[in-house]
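Here the structure comes first, spelled out in structure tokens, and everything after it is commentary.
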Number of protein chains: 2
Amino acid sequence: MTTSEWVASLSAERASLTRASTAGRVAEILRAHITEGRLLPGTRLSEEDIGSALGVSRNTLREAFRLLTHERLLVHEFNRGVFVRRLSVADVHDLYRFRRILEVSAIRQAARLDAATRDARLDLVRQAVEEGEHAGAESRWVDVGTANMHFHQTVAALADSPRVDEAMQHVLAELRLVFHVMGAPQTFHEPYLADNRRILDLLVAGSWDAAADALDDYLGVAEAQLVEAYTG
Amino acid sequence: MTTSEWVASLSAERASLTRASTAGRVAEILRAHITEGRLLPGTRLSEEDIGSALGVSRNTLREAFRLLTHERLLVHEFNRGVFVRRLSVADVHDLYRFRRILEVSAIRQAARLDAATRDARLDLVRQAVEEGEHAGAESRWVDVGTANMHFHQTVAALADSPRVDEAMQHVLAELRLVFHVMGAPQTFHEPYLADNRRILDLLVAGSWDAAADALDDYLGVAEAQLVEAYTG
DNA sequence: CATGCAGGATTGTTCAACAATCTGTCAATA
DNA sequence: TATTGACAGATTGTTGAACAATCCTGCATG
């Protein structure tokens, strides 16, 4: 999809610009388009074009851009415009370092959750695992990737911390940028289905340390695979 | 300092509005005023007043506000304006939960750093500890608090991760909001000087797990103290 | 005291305008 | 041929004015 085609498709989004602030809604629309791969890393976002397509003024659009730069989805280059962020290999390493901290700590701290909260959270993890397995059974690899992300978001949610949840959302949104550049969803998502199930089983059994160690290893493997392909 | 006095003091900041984007510079100014306690939690920021005082248009100011809301320093209430964020007790708990994850993990992962990086980082930790001890010897308790924050920022930097660094900056900025409301800096910062030195010694000795456990306990004590005082 | 209404203040957004900056193209020169 | 400089066009960054919508406060009434 070229940029101009994408801009044209924005006109269809006009109807959703109601309620809440327009700037916020514009940011939501852009965020969805970025994380769903309709706007690829490196793409330049023209204020004029996008403003016209969405029927909003440039000022409002600039506010929306500001909302998205802190989520690291956009990068704002002074006097040159706004671009969808292109991640470097160092970014990928740092993302894995950061998510390892978040997810592994979340598991280790899950032991402190009260039983009701813990069980509710584990149920969400289970749902994500099953979502992935179903999608895999039907060879819907993009959906497997999405379910994998849900899995990791639910694992991080074991930390029972809104700030961890938000940080994890940002991590996963950035990772989507990487995956969209890569293509080949089967390669990057299928191998982890069995690992997700294994980690879930360890979690359900209350083997927190074993689950944390397993996830630590898993992320190491995933990181190495992704970096090799990203630099390849 | 009342809001109107503060707004008047902004006029003095005009000279610094050069280079880079004006919106970015406005955000820097506001950020500094918030984290330095000149704008207290709950304060409402009037577009008209602040725009006039800084000599910028309302549109530019709105962009700056958007930059700061994601840092959680400001909270944007639709159709009601922008306020300096007021943290709840739940926020305090979550901040400590999050910082515990960041700092404790950073220490545990420091073992993986190469010697040169690790030594450089530990030297920064040492500097922050000494900064605090000097300020304490002269009963400069606000400076002790500042040094304590440097200490924690340098501890988190052991993770060698830009994303951890940034997350930690945000945590500490939010915590400043809490401390500004509390007053009594000696109460909240002095008791931890000795602990900081102890943790530094453990880090220098390479006793990563012992240091991590010590910091975990320390944060638990600090959290309890702060929450008790915050709920009053 | 509680409720409703009016008025004023402010926010959210749009539009137009202009200065500054960047990028691409073309011509001149070595 | 390669490099440099000039110029034009496009775009960004910012300002200011305007207006609709919303909120808040104060006052009147029951």
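In what follows, chains are A, B, ... by sequence order, proteins preceding strands, each numbered from 1.
Between the CD atom of B/Glu48 and the P atom of D/dC24 there is a distance of 19 Å, rounded to whole Å. Atom-to-atom, CD of B/Glu47 to C1' of D/dA17 comes out at 15 Å; the value is rounded to the nearest Å. Computed from coordinates, the B/Ile50 CD1 to C/dT11 P distance equals 9 Å when rounded to whole Å. Whole-Å rounding puts the A/Leu61 CG to C/dG12 P distance at 17 Å. Here C/dT13 presents its P atom at 14 Å from CZ of B/Phe65, a figure rounded to the nearest Å. Nucleotide D/dT12 holds its P atom 17 Å from the CD atom of A/Glu63, rounded to whole Å. Distance CD (B/Glu77) to C1' (C/dT11): 13 Å, rounded to an integer number of Å. For the pair B/Asp49 CG and C/dA9 P, the interatomic distance rounds to 12 Å; values are reported in whole Å.
Tested against A/Asp160 for a side-chain hydrogen bond (donor to acceptor under 3.5 Å, both in side chains), the candidates A/Arg112, A/Arg121, A/Arg118, A/Gln109 yield a single pass: A/Arg121.
Counting only distance, with no hydrogens or angles, the side chain of B/Gln225 and the backbone of B/Thr187 share a donor-acceptor pair below 3.5 Å.
Close to C/dT11, at under 4.0 Å from its OP1 or OP2, lies no side-chain N or O of B/Arg80. Applying the 4.0 Å criterion to OP1 and OP2 of C/dT11, one finds that B/His76 has every side-chain N and O outside that range. B/Thr60 has a side-chain polar atom (N or O) that falls below the 4.0 Å cut-off from OP1 or OP2 of D/dT15. Contact between the side-chain N/O atoms of A/Arg62 and the OP1/OP2 oxygens of D/dT12 is not found at any separation under 4.0 Å. Between B/Arg44 and C/dT11, a side-chain N or O to OP1/OP2 separation shorter than 4.0 Å is present. Taking only side-chain nitrogens and oxygens, A/Thr22 comes nearer than 4.0 Å to OP1 or OP2 of C/dT13.
Listed candidates were D/dT14, C/dT13, D/dC23. Nearest to the side chain of B/Asn79 is D/dC23.
Using a 4.0 Å cut-off between charged side-chain N and carboxylate O, A/Arg31 and A/Glu28 make no salt bridge. Using a cut-off of 4.0 Å between Lys/Arg side-chain N and Asp/Glu carboxylate O, A/Arg163 and A/Glu166 are scored as not salt-bridged.
Heavy-atom distances to DNA chain D give each of A/Asn59 and A/Val82 a nearest nucleotide, and the one nearer the 5′ end belongs to A/Val82.
Scanning atom types as modelled, one donor and one acceptor separated by under 3.5 angstrom connect the side chain of B/Arg58 and the base of C/dG12.
Between A/His93 and A/Tyr230, the ring center distance fails the sub-6.0 Å criterion.
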